[in-house]
Amino acid sequence: MALPEAVARSVRLAGRDVPYLLRRSRRRTVGLRIDHRGLIVGAPASATLAAIDDVVRRHGVWVVEHLDRWRERTLSAALPLAEGARLPWLGGELGLRFGGTARARWSADGGELRLPQAPDAAAPALERALRQRIREVFGQRVAHWAPQLGLAVPPIALSAARTRWGSCSSRGVVRLNWRLGFMPLNLVDYVVVHELAHLREMNHSPRFWSLVEGLCPDWRERRRELRLRGAGLPTF
């Protein structure tokens, strides 16, 4: 029997909502770990959500302390560009390689990027390559979601705003922040759906949120996770 896919959830710890990614497997106990994606909870397929949340709460002090440490460490230092460096990318990790090619090249599975420059000169080329790749992903996701809102596929533009993940203009252009590539795909989808819904309702009225909820029933959890992860995006 196939196991359910990972789902985004949240739990109240120390007076704040802490999002986590729940992955079920054939393991026998609930396990917690923290990485660039935040809190990851592994649980047996048979464990109830209430039991899983209870385990997280019992370890609440550990979770909050380590999340804060991870965030501080991420914010205080830029990603060092070096052979074999890894950065978060669409919910997984992207490995970086340097030299031996005339232009930026992605591996077939998208898990590795090779740049022609030496590490100490590669930052501009790395950003260009990431922008190009995330634009392709945005195009795919917009084409997937727009028809479900009864919309024609709108034009897309990239944004580099520091405080906004997306926006849309009265002319119907959807702008999406290229740094969303450092987020899991379910959060990319939330931002895409959010901006597409604005093409139907240019406000945050109950009707707007009803459109969002129709495609992202867990939009509140996704929004909380987006805010948490947004505090620790890599820089280079």
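The analysis underlying the following values was restricted to heavy atoms, covering all of them including side chains, and did not include hydrogens, waters or symmetry mates.
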- [ ] Would you please test Leu185 and Val137 for side chain to side chain contact (heavy atoms under 4.5 Å, CB included) and show each step?
- [x] CA-CA 9 Å; Leu185 190 58; Val137 174; 4.1 Å; yes
TODO: Please report the C-alpha distance between Trp165 and Arg179 in whole Å, then the side-chain angles of each, then the deciding distance to 0.1 Å, and finally whether the side chain to side chain contact (heavy atoms under 4.5 Å, CB included) criterion is met.
DONE: CA-CA 8 Å; Trp165 295 115; Arg179 293 181 178 86; 4.3 Å; yes
Exam field: side chain [X] to backbone [Y], donor-acceptor pair closer than 3.5 Å:
X	Y	result
Arg27	Thr29	yes
Arg222	Asn186	yes
Asp17	Ser10	no
Glu83	Phe98	yes

- [ ] Find the distance between OG (Ser107) and CG (Leu113) and round it off to the nearest 0.5 Å.
- [x]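 Atom-to-atom, Ser107:OG and Leu113:CG are 8.5 Å apart.
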Could you tabulate the donor-acceptor pairs under 3.5 Å formed by side-chain atoms of residues 146-159, not counting sequence neighbours?
from, atom 1, to, atom 2, distance (Å)
Gln148, NE2, His144, O, 3.2
Gln148, NE2, His144, NE2, 3.3
Ser159, OG, Ala161, N, 3.0

- [ ] Kindly determine whether Trp62 and Leu67 satisfy side chain to side chain contact (heavy atoms under 4.5 Å, CB included), including the steps that lead there.
- [x] CA-CA 8 Å; Trp62 180 90; Leu67 283 174; over 6 Å; no
Are the side chains of [Y] and [X] in contact, using a 4.5 Å heavy-atom criterion?
X	Y	result
Leu211	Glu201	yes
Val188	Phe138	yes
Phe208	His198	yes
Leu226	Met183	yes
Leu187	Asp189	no
Arg57	Val11	yes
Val56	Leu39	yes
Arg24	Ile52	yes

Task: Single-linkage hydrophobic cluster Ile34~Leu32, side-chain heavy atoms < 4.5 angstrom - done: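 As far as the 4.5 Å side-chain criterion goes, Leu32 and Ile34 are connected within one cluster.
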TODO: Find out if a path of hydrophobic residues (ILVMFWY) with successive side-chain heavy-atom gaps under 4.5 Å connects Val212 to Leu215.
DONE: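 Cluster IDs for Val212 and Leu215 match.
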For [X], which residues count as a salt bridge (Lys or Arg N to Asp or Glu O under 4.0 Å) partner, sequence neighbours excluded?
X	value
Glu213	none
Arg114	none
Arg175	none
Glu221	Arg224

Minimum heavy-atom distance between [X] and [Y], given as atom pair plus value:
X	Y	value
Asp218	Ala8	OD2-O, 4.4 Å
Met202	Cys168	SD-SG, 3.7 Å
Leu115	Ala104	CD2-CB, 3.8 Å
Leu13	Gly60	CD2-CA, 4.0 Å

- [ ] Kindly write out the residues that satisfy side chain to side chain donor-acceptor pair (under 3.5 Å) with Ser205, not counting sequence neighbours, or none if the list is empty.
- [x]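 So Ser205 forms a side chain to side chain donor-acceptor pair (under 3.5 Å) with Asn203.
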Task: Listed partners of Arg86 passing side chain to side chain donor-acceptor pair (under 3.5 Å), at least two apart - done: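 Testing Arg86 for side chain to side chain donor-acceptor pair (under 3.5 Å), a comparison that skips the adjacent residues, returns Glu93.
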Open item on the list: Cation-pi check for Trp209 against Arg223: NZ or CZ below 6.0 Å from the six-membered ring centre and within 45 degrees of the axis, yes or no?
Closed with: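 Checked: cation-pi criterion met.
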- [ ] Identify whether NZ of Lys or CZ of Arg in Arg135 sits under 6.0 Å from the centre of the six-membered ring of Trp178 and within 45° of that ring's axis.
- [x]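 Judged by the rule, Arg135 and Trp178 form no cation-pi pair.
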Can you give the donor-acceptor pairs under 3.5 Å from side chains of residues 120-130 to other protein atoms, not counting sequence neighbours?
from, atom 1, to, atom 2, distance (Å)
Glu127, OE2, Arg131, NE, 3.0
Glu127, OE2, Arg131, NH2, 3.3

Open item on the list: Holding to ring-ring contact (aromatic ring centres under 6.0 Å, His included), I want the full list of residues that pass it with Trp145, two or more places apart in sequence or in another chain.
Closed with: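 Result, ring-ring contact (aromatic ring centres under 6.0 Å, His included) vs Trp145: none returned.
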Open item on the list: My understanding is that only residues two or more places apart in sequence, or in another chain, count here; which of them pass ring-ring contact (aromatic ring centres under 6.0 Å, His included) with Tyr20?
Closed with: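 In terms of ring-ring contact (aromatic ring centres under 6.0 Å, His included), with neighbours along the sequence ignored, Tyr20 is linked to no residue.
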- [ ] Give me the ring orientation class for Trp89 and Phe182: parallel if the planes are under 30° apart, tilted from 30 to 60°, perpendicular past 60°.
- [x]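 Perpendicular: the ring planes of Trp89 and Phe182 meet at over 60°.
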TODO: Please report the C-alpha distance between Val41 and Leu21 in whole Å, then the side-chain angles of each, then the deciding distance to 0.1 Å, and finally whether the side chain to side chain contact (heavy atoms under 4.5 Å, CB included) criterion is met.
DONE: CA-CA 6 Å; Val41 178; Leu21 190 65; over 6 Å; no
Open item on the list: Distance alone, cut at 3.5 Å: any donor-acceptor contact between the side chains of His66 and His59?
Closed with: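 The answer is no; no qualifying pair exists.
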- [ ] Hey, could you give me each pair passing salt bridge (Lys or Arg N to Asp or Glu O under 4.0 Å) that has a residue in residues 46-55? Not counting sequence neighbours.
- [x]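 Only Arg9-Asp53, Asp54-Arg58 qualify under salt bridge (Lys or Arg N to Asp or Glu O under 4.0 Å).
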Enumerate, atom names and distances included, each donor-acceptor pair closer than 3.5 Å involving a side-chain atom of residues 42-51, sequence neighbours excluded.
from, atom 1, to, atom 2, distance (Å)
Thr48, OG1, Ala51, N, 3.1

